[in-house]
**Student:** 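Handing you this structure, nothing more for now.
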There are 2 protein chains.
Amino acid sequence: MTVKESNSWIRIREELLRRINERVWQPGETIPGEAELAEEFGCARTTVNRALRDLAEAGLVTRRRKAGTRVAVNPPHKATFTIPIIREEVEARGSSYSHSLLKREKRPLPTSLHAAFPVGDEAFLLYTETVYFADDRPFMFEERYTNIDATPAFAEAAFDLISPNEWLVQNAPFTTGDLTCYAANAGPALSGLYECQDNTPLFVMERVTFNQTQPITHVRMTYSPGYRLRTGF
Amino acid sequence: MTVKESNSWIRIREELLRRINERVWQPGETIPGEAELAEEFGCARTTVNRALRDLAEAGLVTRRRKAGTRVAVNPPHKATFTIPIIREEVEARGSSYSHSLLKREKRPLPTSLHAAFPVGDEAFLLYTETVYFADDRPFMFEERYTNIDATPAFAEAAFDLISPNEWLVQNAPFTTGDLTCYAANAGPALSGLYECQDNTPLFVMERVTFNQTQPITHVRMTYSPGYRLRTGF
DNA sequence: GAGTGGTCTAGACCACATT
DNA sequence: ATGTGGTCTAGACCACTCC
């Protein structure tokens, strides 16, 4: 009896989205159940489920068994940004990429990082300091502590061709991580590298990664003056 | 013939993930097809599809019709962070929230923002300047241009109880947006508000939102000294 | 207890990219 | 042309949670 048109879960999602955006269903209101919607759209309940699951992942509706599906009151919008490989980030700007390893030594974790990077005091941590260049100009300065117990081969790698950043991405899978961004002044340590004033504001990103519960690496990346982190959503 | 255990797509995803992480399947390698895996796990192909789709969304495998499913060479890790409502962000820190509207006037868009926020020259833009407080101390300073043509009711709202931020979240649905983060000095304009030196580095976030192609609002948020943006992934 | 979403199945057809 | 993933169906059972 239904029209022979191709039904797609995306089409259904868009229609549901329209009703939400146009306030056909008010924020906080419970919308019809999957079965009812399936009948309205003349499709299987599975298909409606697919559409609603998608909207739920986007945070536009909240779903609970028995309670039903409600339109979110203030949709918590999420921005997803891809953590780039530095080489790809530089090349995407049309610049030529290179890097240079400045330091590589066994070094204990500073107490200031102890909370963020929970390794035992006896852990073997390799500290590396790397400058990444775009067109032979310093682009980013990286200070990294890597847990050799978690990824032994890292200690053997020569970082002339492949950077610590890229080596870890390819060889040390991780399951979770944390990311922190803030602003800091260049200070005496970096004003020389970037040929700027001590009080030049710089964008800093710190990252910790774990494989299950095992800490892999902690890295602080201080970008050159004027750097902007961009993402769509 | 199959064991009577509850089969779940999550279980299958974890097993596939294990094989990827432990290099049972090498990066770049094509893994068995859905049908073959379904037979191995003794489940329907749909269930394997669900697991693989999830891994593909996470960027760990790439899938193409006919070509099959391959393990990603360098998994592009994605960090998802939730764009918070300022009030919720402040209250989540255990502080008491308040805000204060400093300015509210019709104002043309500065030419510097013309590229990021494409509205016509004749558009009615309302400029608002708001300070957000945590425990009566300035927490964030917001400069916002809002396209009244897109959301007329914004011009009528009194922002004493509800802030521009929250008003828009609840009343102006949007489909896409852009986000930019960078570091800037406080300068003369903000050193007074935050009671800091002119050269104090501050964390700045700029956001543009659109409904379809219609620009809604452009906002620059300059956070107080020491602010850190955090997210897990 | 009962109603809702979450998941699974077996089968089918289709879209697409590779060959 | 062919093989692979993408989607859809109709039905079923289960898990959770509200009442």
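Quick note on labels: first sequence line is chain A, next is B, and so on, each numbered from 1. Keep in mind it's a predicted model, so treat the numbers as computed, not measured.
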**Student:** Grab the CG-P distance between A/L52 and C/dT7 for me, whole Å please.
**Tutor:** 13 Å
**Student:** Search all heavy atoms of A/P215 against all heavy atoms of A/F210 and return the closest pair with its distance.
**Tutor:** CA-CD2, 3.7 Å
**Student:** Taking all non-hydrogen atoms of both residues into account, name the closest pair between A/D178 and B/G232 and its distance.
**Tutor:** OD1-CA, 3.7 Å
**Student:** Is the phosphate of C/dG5, meaning OP1 or OP2, less than 4.0 Å from a side-chain N or O of A/N49?
**Tutor:** no
**Student:** Please determine if a side-chain N or O atom of B/R63 lies less than 4.0 Å away from the OP1 or OP2 oxygen of D/dG6.
**Tutor:** yes
**Student:** Rounded to the nearest 0.5 Å, how far does OG of A/S95 lie from CZ of A/F139?
**Tutor:** 8.0 Å
**Student:** Once you round it to whole Å, what is the distance between P of D/dG5 and CG of B/L16?
**Tutor:** 12 Å
**Student:** Pairs in or reaching into residues 22-32 of chain A: which pass side-chain hydrogen bond (donor to acceptor under 3.5 Å, both in side chains), with residues at least two apart or in two chains?
**Tutor:** A/R18-A/E22
**Student:** Find the distance A/R50:CZ to D/dT9:P and express it as a whole number of Å.
**Tutor:** 13 Å
**Student:** Counting only non-hydrogen atoms, which of residues 25-34 of chain A are less than 4.0 Å from DNA chain D?
**Tutor:** none
**Student:** Check each of A/L16, A/T69, A/I12 against A/L55 using the side-chain contact (heavy atoms from CB on, under 4.5 Å) test, and report the only one that passes.
**Tutor:** A/L16
**Student:** Among residues 65-78 of chain A, which ones have heavy-atom contacts with DNA chain C below 4.0 Å?
**Tutor:** A/R65, A/K66, A/G68, A/T69
**Student:** What pair of heavy atoms forms the shortest contact from B/E34 to B/L52, and how long is it?
**Tutor:** CG-CD1, 3.9 Å
**Student:** Quick one: B/L37 CG to D/dG5 C1', roughly how many Å, whole number?
**Tutor:** 12 Å
**Student:** Check A/F174 against B/F233 and note the closest heavy-atom contact, atom names and distance.
**Tutor:** CE1-CE1, 3.4 Å
**Student:** Got a sec, which residues hit side-chain contact (heavy atoms from CB on, under 4.5 Å) with B/A155, two or more places apart in sequence or on another chain?
**Tutor:** B/I148
**Student:** Please list each protein N or O that sits under 3.5 Å from an N or O in nucleotides 10-12 of chain D, with the distance.
**Tutor:**
| from | atom 1 | to | atom 2 | distance (Å) |
| --- | --- | --- | --- | --- |
| D/dA10 | N6 | A/T46 | OG1 | 3.4 |
| D/dA12 | N6 | A/R45 | NH2 | 3.0 |

**Student:** How many whole angstroms separate atom CD1 of B/I10 from atom C1' of D/dA15?
**Tutor:** 13 Å
**Student:** With sequence neighbours left out, what residues match A/L101 under side-chain contact (heavy atoms from CB on, under 4.5 Å)?
**Tutor:** A/R104, A/T128, A/T130, A/F159, A/P164
**Student:** Mind checking whether B/H99 and B/Y97 have parallel, tilted or perpendicular rings, split at 30° and 60°?
**Tutor:** tilted
**Student:** Can you check whether B/W167's main-chain N or O pairs, donor with acceptor, with B/N171's side chain at less than 3.5 Å?
**Tutor:** yes
**Student:** Which nucleotide wins on minimum distance to the side chain of A/R64, given the candidates C/dT7, D/dC18, C/dC8?
**Tutor:** D/dC18
**Student:** Without decimals, in angstroms, what is the distance between A/I12 CD1 and D/dG6 C1'?
**Tutor:** 15 Å
**Student:** Can you measure A/E39 atom CD to D/dT9 atom C1' for me and round it to whole angstrom units?
**Tutor:** 16 Å
**Student:** Between B/W9 (CH2) and C/dT9 (P), how many Å, whole number?
**Tutor:** 14 Å
